[in-house]
Amino acid sequence: MQTVPAKKIVSAYTERGWFGANFNMNIYRGCCHGCIYCDSRSECYNIPDFDTVKAKENALSIIENELKSKRKKGIIMTGAMSDPYNPFEKTEQLTRGALHLINKYNFGINILTKSNLVARDADILKSIQEHNPAVVNFTITTANDELCKKIEPNVAKTSERLKALESLAKADISCGIGLMPVLPFINDNSENISQLVKLVADAGAKWIFSYPTLAVSLRQNQRKYYYDRLDENFPGIKDKYIKTYGSSYWCASQNSDELWKELISLCKKYNLLYRHNEIEDAIRNDNKQRQISLF
């Protein structure tokens with residue numbers, strides 16, 4: 001396990017960030033999931049050797065010092081830049097150690113991941129829920145395992161993530177889905193959307209979030225990496241991107257409007273939240289109800 005020096009890991013307090021989070025935390029740097037569309041490999045983030053995972057030195061001691069000195073409590077988000085449940089986490093257990101500290105110092109947690117390993121930590125998540133929200137957001141982009149292995153080659157398959165979601169939901173951990181990005185000409189079709197929504201609803205998800213404009217973002221070296229992978233796995237698709245989008249950053253599906261309407265209809269059918277503000281409110285209100293039940 002390679003390491004990189006770090007002085008800070010938990011960000012400064014913000015009143016309300018993504019899904020109501022107040023802090024951001026990345027214990028690892030880089031990611032080996034190999035997702036062909038990952039924006040985090042873009043040059044602007046300055047992560048050389050992005051595919052090589054490196055742990056931040058003395059991560060747990062730094063996190064503990066930061067948490068005990070925070071004047072304000074709140075929800076910590078992890079996974080925005082590097083998946084906290086990469087393969088090394090199975091033995092390194094830095095994310096699990098951080099969850100223990102988050103519980104110890106009475107913070108909440110919102111986890112973004114594509115790994116089924118997160119189900120291992122259900123015990124700590126349940127402890128955190130006794131005082132603050134503990135939420136798991138799985139990114140799932142396709143209902144098809146075969147397609148999943150092409151666009152997310154080193155990640156737990158969709159079916160494995162769904163099993164982890166079901167396990168956490170049965171343990172009364174609040175879980176949701178991030179359906180993003182949506183890749184034009186690849187997973188932007190009605191069959192994928194309808195199958196995926198039903199699968200996540202059956203597994204126990206409480207929400208499914210995507211942007212109303214279903215799209216993928218492309219820039220800098222990330223665009224080249226994506227196009228190279230398209231040539232390997234989807235011959236001819238790169239030319240469609242170049243013809244349709246040129247050098248545009250935001251590449252929206254040509255079926256975006258229709259698919260968004262279908263997504264909303266399906267979410268209503270399966271009683272899933274889909275608006276960001278409603279999901280955020282549900283996370284906080286669910287925790288309030290838990291607190292009431294404890295008393």
Side-chain angles (χ1 to χ4, degrees), residues 18-20 35 77 79 83 85 109-122 125-126 129 133-149 151-152 155-183 186-215 253 255-290:
W18 207 35
F19 290 107
C35 302
M77 177 169 284
D83 199 310
Y85 289 96
I109 184 70
N110 190 329
I111 297 169
L112 308 179
T113 186
K114 292 178 184 173
S115 174
N116 57 343
L117 181 59
V118 63
R120 176 199 67 185
D121 294 337
L125 295 174
K126 286 186 71 66
Q129 278 188 334
V135 171
V136 178
N137 273 295
F138 289 91
T139 299
I140 301 181
T141 57
T142 175
N144 185 290
D145 277 352
E146 185 176 344
L147 178 58
C148 171
K149 295 310 291 183
I151 64 178
E152 301 157 351
V155 182
K157 295 181 294 186
T158 294
S159 58
E160 294 170 337
R161 275 174 264 177
L162 288 170
K163 287 179 181 177
L165 190 161
E166 184 174 17
S167 173
L168 289 169
K170 286 180 178 178
D172 201 27
I173 305 298
S174 296
C175 297
I177 299 300
L179 172 54
M180 61 184 82
V182 174
L183 311 178
I186 296 175
N187 68 341
D188 63 333
N189 56 76
S190 178
E191 180 182 10
N192 182 53
I193 298 296
S194 59
Q195 288 182 356
L196 185 54
V197 175
K198 184 180 187 305
L199 285 171
V200 303
D202 289 346
K206 293 186 176 181
W207 61 81
I208 181 165
F209 177 77
S210 191
Y211 292 109
T213 302
L214 306 179
S253 167
N255 306 320
S256 180
D257 290 343
E258 294 78 9
L259 291 177
W260 178 247
K261 291 176 183 177
E262 181 174 6
L263 179 62
I264 292 175
S265 176
L266 289 166
C267 285
K268 290 179 178 178
K269 175 182 177 180
Y270 293 108
N271 198 30
L272 294 169
L273 299 173
Y274 61 91
R275 293 189 179 94
H276 182 273
N277 63 320
E278 292 179 351
I279 296 169
E280 182 179 318
D281 289 343
I283 290 170
R284 294 182 179 276
N285 290 336
D286 181 57
N287 183 250
K288 290 178 182 177
Q289 292 301 316
R290 293 177 190 275

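- In this structure, Lys163 has no salt bridge (Lys or Arg N to Asp or Glu O under 4.0 Å) partners at least two apart in sequence or on a different chain.
- Evaluation of the side chain to side chain contact (heavy atoms under 4.5 Å, CB included) rule for Asp121 yields Tyr85, Arg96, Leu99 as partners, not counting sequence neighbours.
- Using a distance-only test at 3.5 Å, with no hydrogens or angles considered, a donor-acceptor pair links the side chain of Lys149 to the main chain of Val155.
- Nearest heavy atoms, Ala215 versus Pro181: O-CB, 3.3 Å.
- Looking at residues two or more places apart in sequence or on another chain, you find a side chain to side chain donor-acceptor pair (under 3.5 Å) between Ser253 and Asp188.
- When all heavy atoms are compared, the tightest approach of Ser174 to Lys206 is OG-NZ, 3.4 Å.
- Annotation: salt bridge (charged side-chain N to carboxylate O under 4.0 Å, His left out) contacts involving residues 192-201, sequence neighbours excluded, comprise Lys198-Asp202.
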Checklist entry - Can you check side-chain contact (heavy atoms from CB on, under 4.5 Å) on Leu165 and Ile177, steps first, answer last? => result CA-CA 9 Å; Leu165 190 161; Ile177 299 300; 3.3 Å; yes
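- Ser115 is linked by a side chain to side chain donor-acceptor pair (under 3.5 Å) to nothing, counting only residues two or more places apart in sequence or in another chain.
- For the atom pair CG (Leu259) and CG (Leu214), the distance works out to 6.0 Å, reported to the nearest 0.5 Å.
- Side-chain contact between Asn255 and Val182 is absent, with no heavy atoms from C-beta onward closer than 4.5 Å.
- Ring geometry, His276 versus Phe209: the interplanar angle exceeds 60°, so the pair is classed perpendicular (tilted spans 30 to 60°).
- Across every non-hydrogen atom of Ala122 and Ile173, the tightest pair is O-CD1, 4.2 Å.
- Side chain of Asn187 to main chain of Leu183: a donor-acceptor pair is present (N/O by atom type, distance under 3.5 Å, no hydrogens or angles).
- Nearest heavy atoms, Gly204 versus Ala169: O-CB, 3.8 Å.
- When the salt bridge (Lys or Arg N to Asp or Glu O under 4.0 Å) test is applied to Lys170, the partners found at least two apart in sequence or on another chain are Glu166.
- Nearest heavy-atom pair across Cys148 and Arg161 is SG-NH2, 3.2 Å.
- Here Asn116 pairs with Ala156, Glu160, Ala164 under the side chain to side chain contact (heavy atoms under 4.5 Å, CB included) rule; sequence neighbours left out.
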Would you give me the side-chain donor-acceptor pairs under 3.5 Å for residues 262-274, sequence neighbours excluded?
residue: Glu262; atom: OE1; partner: Ser190; partner atom: OG; Å: 2.8
residue: Glu262; atom: OE2; partner: Ser190; partner atom: OG; Å: 2.7

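- Taking all atoms of both residues into account, the shortest heavy-atom contact from Lys114 to Cys35 is NZ-SG, 3.0 Å.
- In terms of the side chain to side chain contact (heavy atoms under 4.5 Å, CB included) criterion, residue partners of Asp281 (sequence neighbours excluded) are, by chain and number, Arg16, Asn285.
- At least one side-chain heavy atom of Leu112 sits less than 4.5 Å from a side-chain heavy atom of Trp18.
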Which atom pairs, one a donor and one an acceptor, fall under 3.5 Å between side chains of residues 137-147 and the rest of the protein, sequence neighbours left out?
residue: Asn137; atom: OD1; partner: Trp207; partner atom: NE1; Å: 2.8
residue: Asn137; atom: ND2; partner: Asn110; partner atom: OD1; Å: 3.0
residue: Thr141; atom: OG1; partner: Glu152; partner atom: OE2; Å: 2.7
residue: Thr142; atom: OG1; partner: Asn144; partner atom: N; Å: 3.1
residue: Thr142; atom: OG1; partner: Asn192; partner atom: OD1; Å: 3.3
residue: Asn144; atom: OD1; partner: Glu146; partner atom: N; Å: 2.8
residue: Asn144; atom: OD1; partner: Leu147; partner atom: N; Å: 2.8
residue: Asp145; atom: OD1; partner: Thr158; partner atom: N; Å: 3.2
residue: Asp145; atom: OD1; partner: Ser159; partner atom: N; Å: 3.1
residue: Asp145; atom: OD2; partner: Ser159; partner atom: OG; Å: 2.7

Checklist entry - Can you list the steps and then say if Val135 with Ile111 is a side-chain contact (heavy atoms from CB on, under 4.5 Å)? => result CA-CA 6 Å; Val135 171; Ile111 297 169; over 6 Å; no
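- Remark: Phe19 CZ to Ile279 CD1 distance equals 5.0 Å, nearest 0.5 Å.
- The side chain to side chain donor-acceptor pair (under 3.5 Å) search around Gln195 returns Glu191, not counting sequence neighbours.
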